[in-house]
Trainee: 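First the structure, which I've put down as structure tokens, then a few questions once you've had a look.
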Amino acid sequence: MRRREFITLLGGAATWPVGVQAQQPAMPVIGFLNSTSLDGYTERLRAFRRGLSETGYVEGENVAIERRWAEGQSDRLAAMAADLVRRRVSVIAASGGSVAALAAKAATETIPIVFTIAEDPVRLGLVASLARPGGNLTGINFFLGELTAKRLDLLRELVPAATRVAVLVNPVGAANSETTVRDVEAAARAMGLQTQVFNASTSTEINAAFATFVRERPDALFVGADPFFTNRRVQLANLASHHSIPATYAVREFAEAGGLMSYGTNIVDAWRQIGVYTGRILKGAKPADLPVVQASKFELIINAETARMLGLTVPPSLLARADEVIE
């Protein structure tokens, strides 16, 4: 080739259309599926992104996220999951409890799914075993359900005169609510406590449940672990305080919103782990080979201001065990 022809050819390469030049790998897309709404999830989402960054992924730089929030309407999850599948996302992060995980599982058998649930994923049929999930799903077990007896015992320690405990669950997550009711009733019998179960899956039904509490005057309230309740934590904490009902919750956001006490998994750290697993899958790891992570960080949060407002004296022994006391 003559020198002049070579220079001309080289100069022309700079003006070739993008499609003719070396192809850049497409940016992977994470499908994010949640049964609730964005409200109040800022810290958890920050932790999720932190977990992604630990594996080398930064949103907007080398990974994109398609978010789908069901706004508490769980019947929308199936369509949302199907939409993410049609968009051929690289992985689905199904946060927001078992309803989101089951919707994602029903939508695809091939796209990897990382779930976050409080129940036993084996019993729900999400994985074959915790150590070897075996399919296209893996994730984080928050262990909130397994802490039922401990939560009830802590509530009794704070309110020793309590004999009648109201139990609030969300019937939409049938597996979760049934497990909660079974476990809390068994724990209550062992402690000599009476329980009465109430269902609520909407804000209006929460108000109706508290209207019943006003008439029947339970000594304390046990709020089941459920993403919908977390989303309505301000409403629940305000109603409990307004009607002078000592209540226990599963996650710290309730105590931060004015709830009396919470005991459960460090959810923020669990969401970081979701990000880590999602990033590892983007790098080529198979869900079948990633053991389900069982959360190991638990925290007791007591809102001392709320306790004083309710006329309760927090025992020194309980204060000493608290991971945080909100004044």
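No experiment lies behind these values; they were computed from the predicted model shown.
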Trainee: Tell me if the CZ atom of Arg88 is crowded by more than 12 foreign heavy atoms within 6.0 Å.
Mentor: no
Trainee: Mind checking whether Leu152 and Asp183 have side chains closer than 4.5 Å, heavy atoms only?
Mentor: no
Trainee: Taking Arg49 first and then Glu54, would you say they form a salt bridge - that is, a charged N and a carboxylate O separated by under 4.0 Å?
Mentor: no
Trainee: What verdict does the side chain to side chain donor-acceptor pair (under 3.5 Å) test give for Ser177 and Asn170, after you've listed the backbone C-alpha separation in whole Å, the side-chain angles of each residue and the deciding distance to 0.1 Å?
Mentor: CA-CA 6 Å; Ser177 62; Asn170 180 6; over 6 Å; no
Trainee: Check the hydrophobic clustering (I, L, V, M, F, W, Y; side-chain heavy atoms under 4.5 Å; chains of links allowed) and say if Leu38 and Ile267 are grouped together.
Mentor: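 Leu38 and Ile267: one cluster.
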Trainee: How long is the gap from OG on Ser203 to CG on Leu236, to the nearest 0.5 Å?
Mentor: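 Ser203 atom OG to Leu236 atom CG measures 9.0 Å (nearest 0.5 Å).
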Trainee: Would you call Thr179 and Arg123 a side-chain contact if the rule is heavy atoms closer than 4.5 Å?
Mentor: yes
Trainee: Do Val85 and Leu102 share a hydrophobic cluster, counting only Ile, Leu, Val, Met, Phe, Trp and Tyr and linking them when any side-chain heavy atoms are less than 4.5 Å apart?
Mentor: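 In one cluster with Val85: Leu102, yes.
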Trainee: Could you give the side-chain donor-acceptor pairs of residues 240-251 under 3.5 Å, partners two or more places apart or in another chain?
Mentor:
residue: Ser241; atom: OG; partner: Ala237; partner atom: O; Å: 3.0

Trainee: State, with a plain yes or no, whether a side-chain heavy atom of Ile206 is found less than 4.5 Å away from one of Phe228.
Mentor: yes
Trainee: May I ask you to check whether over 12 heavy atoms, not counting those of Glu109, lie within 6.0 Å of atom CD?
Mentor: no
Trainee: Shortest non-hydrogen contact from Leu33 to Ala81?
Mentor: CD2-CB, 3.9 Å
Trainee: Hydrophobic clusters here meaning ILVMFWY residues chained together by side-chain heavy-atom distances under 4.5 Å, can you tell me if Leu158 and Leu319 are in one?
Mentor: yes
Trainee: Give the minimum heavy-atom separation between Pro287 and Thr138, together with the two atoms involved.
Mentor: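 What the structure gives for the nearest pair is O-CB, 3.7 Å.
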Trainee: Is the closest side-chain heavy-atom distance between Leu318 and Leu300 below 4.5 Å?
Mentor: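 In contact.
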Trainee: Please determine if Arg252 and Glu43 form a salt bridge, counting it only when a charged side-chain N lies under 4.0 Å from a carboxylate O.
Mentor: no
Trainee: Mind checking the CD1-CG spacing from Ile92 to Leu84? Nearest 0.5 Å is all I need.
Mentor: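 Here the interatomic distance stands at 5.5 Å.
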Trainee: If you measure from the Lys or Arg side-chain nitrogens to the Asp or Glu carboxylate oxygens, is any gap between Glu119 and Arg182 under 4.0 Å?
Mentor: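 Salt bridge: no.
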Trainee: Run the salt-bridge test on Arg68 and Glu66 with the 4.0 Å N-O cut-off and return the result as yes or no.
Mentor: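 Counted as a salt bridge, because a side-chain N and a carboxylate O are separated by less than 4.0 Å.
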Trainee: Between Ala64 and Met27, what is the shortest heavy-atom contact and its length?
Mentor: N-SD, 3.7 Å
Trainee: Checking ring pair (Phe, Tyr, Trp, His ring centres under 6.0 Å) for the pair Phe229/Phe254: CA distance, chi angles, key distance, verdict?
Mentor: CA-CA 9 Å; Phe229 290 155; Phe254 285 92; 7.9 Å; no
Trainee: Take a 6.0 Å sphere around CD of Glu305 and say whether it holds more than 12 heavy atoms from other residues, nucleotides or ligands.
Mentor: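 No - once you tally the heavy atoms of other residues, nucleotides and ligands closer than 6.0 Å, there are 12 at most.
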Trainee: I need the minimum non-hydrogen distance between Ala70 and Leu77, along with the two atoms involved.
Mentor: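 Minimum heavy-atom contact is CB-CD2, 3.8 Å.
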Trainee: Ion pair present between Asp289 and Arg132, side-chain N to carboxylate O less than 4.0 angstrom?
Mentor: yes
Trainee: If we ignore hydrogens and angles and just use 3.5 Å, is the side chain of Thr212 paired with the main-chain N or O of Ala208 as donor and acceptor?
Mentor: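 Yes; at least one donor-acceptor contact below 3.5 Å.
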Trainee: Write down the atom of Gly259, the atom of Thr306, and the distance for their closest heavy-atom approach.
Mentor: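 Answer, listing the atom of Gly259 first, then Thr306: O-OG1, 4.1 Å.
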Trainee: If we only count heavy atoms from C-beta on, is the Asn136 to Pro112 side-chain gap below 4.5 Å?
Mentor: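 In short, these two side chains do not touch, never coming nearer than 4.5 Å.
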Trainee: Please tell me if the side chains of Leu52 and Glu59 come closer than 4.5 Å, counting only heavy atoms from C-beta onward.
Mentor: no
Trainee: Quick one: do the Asn303 and Glu327 side chains pair a donor with an acceptor below 3.5 Å?
Mentor: no
Trainee: Distance-only, no hydrogens or angles: does the Lys283 side chain make a donor-acceptor pair with backbone N or O of Thr55 under 3.5 Å?
Mentor: yes
Trainee: Using the rule given for side chain to side chain contact (heavy atoms under 4.5 Å, CB included), can you reason through Val29 versus Val63, listing the C-alpha separation, both sets of side-chain angles and the distance that settles it, and then say yes or no?
Mentor: CA-CA 6 Å; Val29 179; Val63 70; over 6 Å; no
Trainee: Working to the nearest 0.5 angstrom, can you tell me the gap between Thr195 OG1 and Arg189 CZ?
Mentor: 8.0 Å
Trainee: Can a donor-acceptor pair be found, under 3.5 Å and without considering hydrogens, that links the side chain of Asn62 to the backbone of Val58?
Mentor: yes
Trainee: Go through the steps to decide whether Thr36 and Asn34 satisfy the test side chain to side chain donor-acceptor pair (under 3.5 Å), and finish with yes or no.
Mentor: CA-CA 6 Å; Thr36 62; Asn34 191 286; 2.6 Å; yes
Trainee: Asn238 side chain to Val234 main-chain N or O, any donor-acceptor pair under 3.5 Å?
Mentor: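 Side chain of Asn238 to backbone of Val234: a pair is present.
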Trainee: Is there a path from Leu282 to Leu45 through hydrophobic residues (I, L, V, M, F, W, Y) whose side chains come within less than 4.5 Å of each other?
Mentor: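 Result: yes, single cluster for both.
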Trainee: Give, for atom CG of Asn141 and atom OG1 of Thr116, the distance between the pair rounded to the nearest 0.5 Å.
Mentor: 10.0 Å
Trainee: About how many Å separate OG of Ser98 and CG of Asp226, when rounded to the nearest 0.5 Å?
Mentor: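 Reported value, rounded in 0.5 Å steps: 8.0 Å.
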Trainee: Below 4.5 Å, heavy atoms only, C-beta onward: do Glu157 and Met261 meet side chain to side chain?
Mentor: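 In short, these two side chains do not touch, never coming nearer than 4.5 Å.
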Trainee: Answer with yes or no whether the hydrophobic clustering places Leu154 together with Val325; edges join I, L, V, M, F, W, Y residues whose side-chain heavy atoms lie under 4.5 Å apart.
Mentor: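 Yes; Val325 is reachable from Leu154 via cluster members.
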Trainee: Walk me through whether Val165 and Leu221 qualify under side chain to side chain contact (heavy atoms under 4.5 Å, CB included).
Mentor: CA-CA 5 Å; Val165 178; Leu221 170 64; over 6 Å; no
Trainee: Under 4.0 Å between a side-chain nitrogen and a carboxylate oxygen: does that hold for Asp219 and Arg164?
Mentor: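 Answer for the salt bridge query: no.
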Trainee: Check whether any side-chain N or O of Asn266 sits under 3.5 Å from a backbone N or O of Glu299 as a donor-acceptor pair, and report yes or no.
Mentor: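 Side chain of Asn266 to backbone of Glu299, a donor-acceptor pair under 3.5 Å: no, none is there.
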Trainee: Mind running side chain to side chain contact (heavy atoms under 4.5 Å, CB included) on Ile140 and Phe115 for me, showing each step along the way?
Mentor: CA-CA 6 Å; Ile140 316 298; Phe115 58 73; over 6 Å; no
Trainee: Taking all atoms of both residues into account, what is the closest heavy-atom pair of Ser74 and Val172, and its distance?
Mentor: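 Minimum heavy-atom contact is OG-CG1, 3.4 Å.
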Trainee: Apply side chain to side chain contact (heavy atoms under 4.5 Å, CB included) to Val127 and Lys105, showing your working.
Mentor: CA-CA 10 Å; Val127 296; Lys105 182 178 188 295; over 6 Å; no
Trainee: Should the ring pair Phe48 and Trp271 be called parallel, tilted or perpendicular, given that the plane angle runs from 0 to 90° and is split at 30 and 60?
Mentor: perpendicular
Trainee: Show, in sequence, the C-alpha distance, side-chain angles and deciding distance for Thr148 and Arg151, and conclude whether the side chain to side chain donor-acceptor pair (under 3.5 Å) test is met.
Mentor: CA-CA 5 Å; Thr148 296; Arg151 285 180 57 201; 5.7 Å; no
Trainee: Do Arg280 and Leu290 have side-chain heavy atoms sitting under 4.5 Å apart?
Mentor: yes
Trainee: Ignoring hydrogens and angles, state whether a donor on the side chain of Thr230 or Arg233 is under 3.5 Å from an acceptor on the partner side chain.
Mentor: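 Not at all, the side chains of Thr230 and Arg233 share no donor-acceptor pair under 3.5 Å.
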Trainee: Just by distance, with hydrogens left out, do Ser201 and Glu205 show a side-chain donor and acceptor under 3.5 Å apart?
Mentor: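 Distance-only check passes for Ser201 and Glu205.
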Trainee: To the nearest 0.5 Å, what is the distance between CG on Leu239 and CZ on Phe210?
Mentor: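 It is 5.0 Å, given to the nearest 0.5 Å.
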